[in-house]
Amino acid sequence: MPDKIDYASVLNPAQLEAVTTLEGPVLVIAGAGSGKTRTLIYRVARLVETGVDPESILLLTFTRKASQEMLERAAGLADPRCRFVSGGTFHSLAHRVLRGHAERIGYDNAFIILDRSDMEEIIHSLVPELRMPKGTPRFPKRSTLANILSKAANLQVPLEPFMASEYAQFIEFVGPIETLDALYARYKKLNQMMDYDDLIINFRRLLEENEDIRHDLGLRYLYIMVDEYQDTNAIQADIVKWLGQGHRNVMAVGDDCQAIYSFRGADYRNMFEFPERFPNARVLKLEENYRSTQPILTFTNALMAPALEQYTKCLYTKREGGEPPKVVDTRTEPEQALYVARRIKDEMGRGRPITDFAVLFRAGYHSFELEAELTRQGMPYVKYGGFKFLESAHIKDFLAHLRVLASRDDAVSWVRILRLIKNVGRARTHAVIQWLKESRAPLQQVDQWPGAGKRLSGFKPLAELFSSLSAKGVTPKAAADQVMAYYVPFLEARFDDHPRRRKELDQLITMAGRYKKLRGFLDDLTLEPPASSKDLGAGDAGETLTLSTVHSAKGLEWPVVFIIWVMEGRFPPGHAFNDPMSLEEERRLMYVAATRAKDRLIMCYPGQEFVPSWSSCGSGAGHRNGLSSFIRGIPPDVLSHEAAGARFGETITEPWQGGHAGVRGGAEPGAGDLASGDRVRHPAFGPGVISRFIGDDKVEVFFRNAGRKLLHLEYTTLEKM
DNA sequence: CATCACGCTGTTTTT
DNA sequence: CAGCGTGATG
């Protein structure tokens, strides 16, 4: 057992208070890089140290990776028993509980979980039932339909008003989409399926309606911690409320400035409602930053200063020195790729390892050009986010064969399986699925399928596969091996790069070897999927550069961070980007990206207005590249502005021309009664005037340098002047 | 009935 | 680029 921890020597006072306040509700408002993870780790250690059973501690995070890493660290530094803390995502907890009590909400305990692509395919397959007149123009495509239904479900709002405000371009289709929603719900119920949203919604319902389950869970999880609380939605907040209702030992940790999941219904206002849900909650703020240099923090403070609505803190560091971040106009995308690659090579020449760098961007496809350049230069990289590893065709094909073993009538998987076979198209696929449903015959009777025999010799290998798989007690590993043997010919015929894909499938099989039950393997893949092929573990790719979407980079840090930014200016009418709130999310996204940097931050953007390639440009009209207004307004002493052409051996530095925006440093917090018209000073935003009160806990203030703000008095320090 | 060539269209991020 | 629907061809 390691030595007893001297908490006061490893934590700052705010962190210490968070760690040692074990009983009762606590809200921790934790700025980026403020040692939030560290605090959670020590708190887990502390709880275990005081004799709390690790299994009765629940740590809810947004990714399983995050919770695993946290618990590993806690186990390493304090008590190995920390490994047994119950950790996971809302979805995995919901799954665990629902598996035991599905009958309470009218489901079978063997229900199937649908991932996003399953959801899309089912929705797509239901569209014909809407009987839309042929050639209906611009009916949303399946991914859009899934987005609409999913978000409305998460926000718990009726489709009509929701679409009117967020999908105005499709409002003409509300009727059909409402029907589709009902069809989809019926289909799921009929086939014992739950999608991600259902897991959460049904979990809440289970808690709401069943006092005994609430009671049991209350005893099971005596201490609850929720990380990234700003990214929870209203339903998840309810779940936390129900789980913590009895003992009230709930700690929520989050940062409203890092709220970047509103697209799936998350609402950072949950943070400010926490004290209402848990009266007398202790509110703690972590404001000291341990990650970045002061110039980087000065920039991020300036970035957030004009944000329309925010409530919290002001970051500072004791770290000395550092260079101001830089924004570079690279003119075009190819030049941007060249610029980033060369800068990294330069720095590596000066002795930095490649693992010191990360390149971040908003959307997966924003890195295409860079990936091409890195490949040309032979620079190894791993990309996180964007395209899903599990959504690539070969993985889906492969898993489909396993999935029908676990759930025989999984129509989505059957479509994949059957379409591989020559001379099987829509009609025959449909016939076979229908037959399977009605006959209830064992799978290996493939030769009786409609259309089998005669010309369709393609069914034979499939028959053999299923007859060997139907043997009793086939392990997931054995099943996967056999599917592999069957699938390889298709793989080789279909993909030029089959060797690479085969390796990935081999890794998947290795993973299957860790499971006793096929269902468990498939569920884990759905709920806690590997983020990239590298995450599968086997055969580490070695020293590589990291490319990542901002969403996937959350919680991580690197010494040198490059951000490539494409501000897309032209979208269809009614598009969300016309909405100021979306722009605000874009701002927070930029904030999350920038606060990943420890020492150096370089942002670049292809400034040329219209680029005729799809990676940055849309149909005909073209997308407008360039800096968002909230970057453009930042003065050169905070963010140095630069332009670089292709031959930036001759870097052109242009004088900065822009407006002004300001964040000036802080005064000490003060107290006193406030009223409309009062002149006040905010530590980050400087002098301002209170324009009005909203309720009695919010004020609207006009700051001379930072414009209009909505401030929560409870979380803000305003000094009367 | 399956397949293929062609033209059209276009937000994104994840559990 | 890529996913989708359409209409001609085998």
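Letters A, B, ... mirror the listed sequences (proteins, then strands); counts begin at 1.
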Among B:dT14, C:dC4, B:dT11, find the nucleotide with the atom closest to the side chain of A:Arg362.
B:dT11
Please report the distance, rounded to the nearest Å, between NZ in A:Lys141 and P in B:dT9.
13 Å
Could you list the residues that satisfy side-chain hydrogen bond (donor to acceptor under 3.5 Å, both in side chains) with A:Glu120, not counting sequence neighbours?
none
Can you list the residues that meet the salt bridge (charged side-chain N to carboxylate O under 4.0 Å, His left out) rule with A:Arg419, with sequence neighbours excluded?
none
Which listed nucleotide (B:dT14, B:dA2, B:dT15) is nearest to the side chain of A:Phe263?
B:dT14
For A:Glu208, is there an ion pair with A:Arg205 - N to carboxylate O distance below 4.0 angstrom?
no
Return yes if the base of B:dT14 and the side-chain atoms of A:Arg264 contain a donor-acceptor N/O pair under 3.5 Å, otherwise no.
yes
Among all residues two or more places apart in sequence or in another chain, which pass the salt bridge (charged side-chain N to carboxylate O under 4.0 Å, His left out) test with A:Arg494?
A:Asp397
Under 3.5 Å: donor-acceptor pair, side chain of A:Lys383, backbone of A:Ser367
no
Separation of B:dT15 C1' from A:Ile260 CD1 (nearest whole Å):
13 Å
Which of residues 116-124 of chain A have a heavy atom under 4.0 Å from DNA chain B?
A:Arg116
C1' gap between B:dT11 and C:dT6, integer Å:
26 Å
Tabulate atom names and distances for all N/O pairs under 3.5 angstrom spanning the protein and nucleotides 7-10 of chain C.
none

For A:Thr429 and for A:Asp197, find the nucleotide of DNA chain B with the closest heavy atom, then tell me which residue's nucleotide is more 5'.
A:Thr429
When you check the phosphate oxygens OP1 and OP2 of B:dA2, does a side-chain N or O of A:Arg428 lie under 4.0 Å from one of them?
yes
Give the rounded distance in Å between these two atoms: NE2 of A:His430 and P of B:dA2.
12 Å
Check whether any side-chain nitrogen or oxygen of A:Ser552 sits under 4.0 Å from OP1 or OP2 of B:dT14, and answer yes or no.
yes
Expressed in angstrom and rounded to an integer, what is the separation of A:Ile148 atom CD1 from B:dT12 atom P?
13 Å
Between B:dT13 and C:dC4, how far apart are the C1' atoms? Round to whole Å, please.
23 Å
Are OP1 or OP2 of B:dT12 and a side-chain N or O of A:Thr549 less than 4.0 angstrom apart?
no
What residues form a side-chain contact (heavy atoms from CB on, under 4.5 Å) with A:Asn233, not counting sequence neighbours?
A:Asn154, A:Ile235, A:Gln236
If the condition is side-chain hydrogen bond (donor to acceptor under 3.5 Å, both in side chains), which residues does A:Lys554 pass it with, not counting sequence neighbours?
A:Asp231
Please tabulate the protein-to-nucleotide N/O contacts below 3.5 Å involving nucleotides 3-7 of chain B, giving atom names and distances.
from: B:dT3; atom 1: OP1; to: A:Asn423; atom 2: N; distance (Å): 3.0
from: B:dT3; atom 1: OP2; to: A:Val424; atom 2: O; distance (Å): 3.4

Taking only Lys NZ, Arg NE, NH1 and NH2, and the carboxylate oxygens of Asp or Glu, determine whether A:Glu585 and A:Arg362 approach each other closer than 4.0 Å.
no
Give every donor-acceptor pair under 3.5 Å between a side-chain atom in residues 87-96 of chain A and any protein atom, sequence neighbours left out.
from: A:Thr89; atom 1: OG1; to: A:His91; atom 2: N; distance (Å): 3.4
from: A:Thr89; atom 1: OG1; to: A:Ser92; atom 2: N; distance (Å): 2.9
from: A:Thr89; atom 1: OG1; to: A:Ser92; atom 2: OG; distance (Å): 3.2
from: A:Ser92; atom 1: OG; to: A:Thr89; atom 2: N; distance (Å): 3.0
from: A:Ser92; atom 1: OG; to: A:Thr89; atom 2: O; distance (Å): 3.1
from: A:Ser92; atom 1: OG; to: A:Glu528; atom 2: OE2; distance (Å): 3.4
from: A:His95; atom 1: NE2; to: A:Arg99; atom 2: NE; distance (Å): 3.3
from: A:His95; atom 1: NE2; to: A:Asp523; atom 2: OD2; distance (Å): 3.2
from: A:Arg96; atom 1: NH1; to: A:Tyr221; atom 2: OH; distance (Å): 3.4

Apply ring pair (Phe, Tyr, Trp, His ring centres under 6.0 Å) to A:Tyr229 and list each qualifying residue two or more places apart in sequence or on a separate chain.
A:Phe274
Between B:dT15 atom C1' and A:Asn202 atom CG, what is the distance in whole Å?
15 Å
A:Leu199 CG to B:dT14 C1': how many Å, rounded?
14 Å
A:Arg501: partners by salt bridge (charged side-chain N to carboxylate O under 4.0 Å, His left out), with sequence neighbours left out:
A:Asp497
Using the salt bridge (charged side-chain N to carboxylate O under 4.0 Å, His left out) criterion, which residues pair with A:Glu492? Sequence neighbours excluded.
none
Provide, to the nearest angstrom, the distance between the CD atom belonging to A:Glu585 and the C1' atom belonging to B:dT14.
12 Å
For A:Phe90, which contact category applies under a 4.0 Å heavy-atom criterion: base, sugar-phosphate, or nothing?
nothing
Would you name the heavy atoms of A:Val561 and A:Ala593 that are closest together and state the gap between them?
CG1-O, 4.2 Å
Measure from NZ on A:Lys383 to C1' on B:dT12 and round the result to the nearest Å.
12 Å
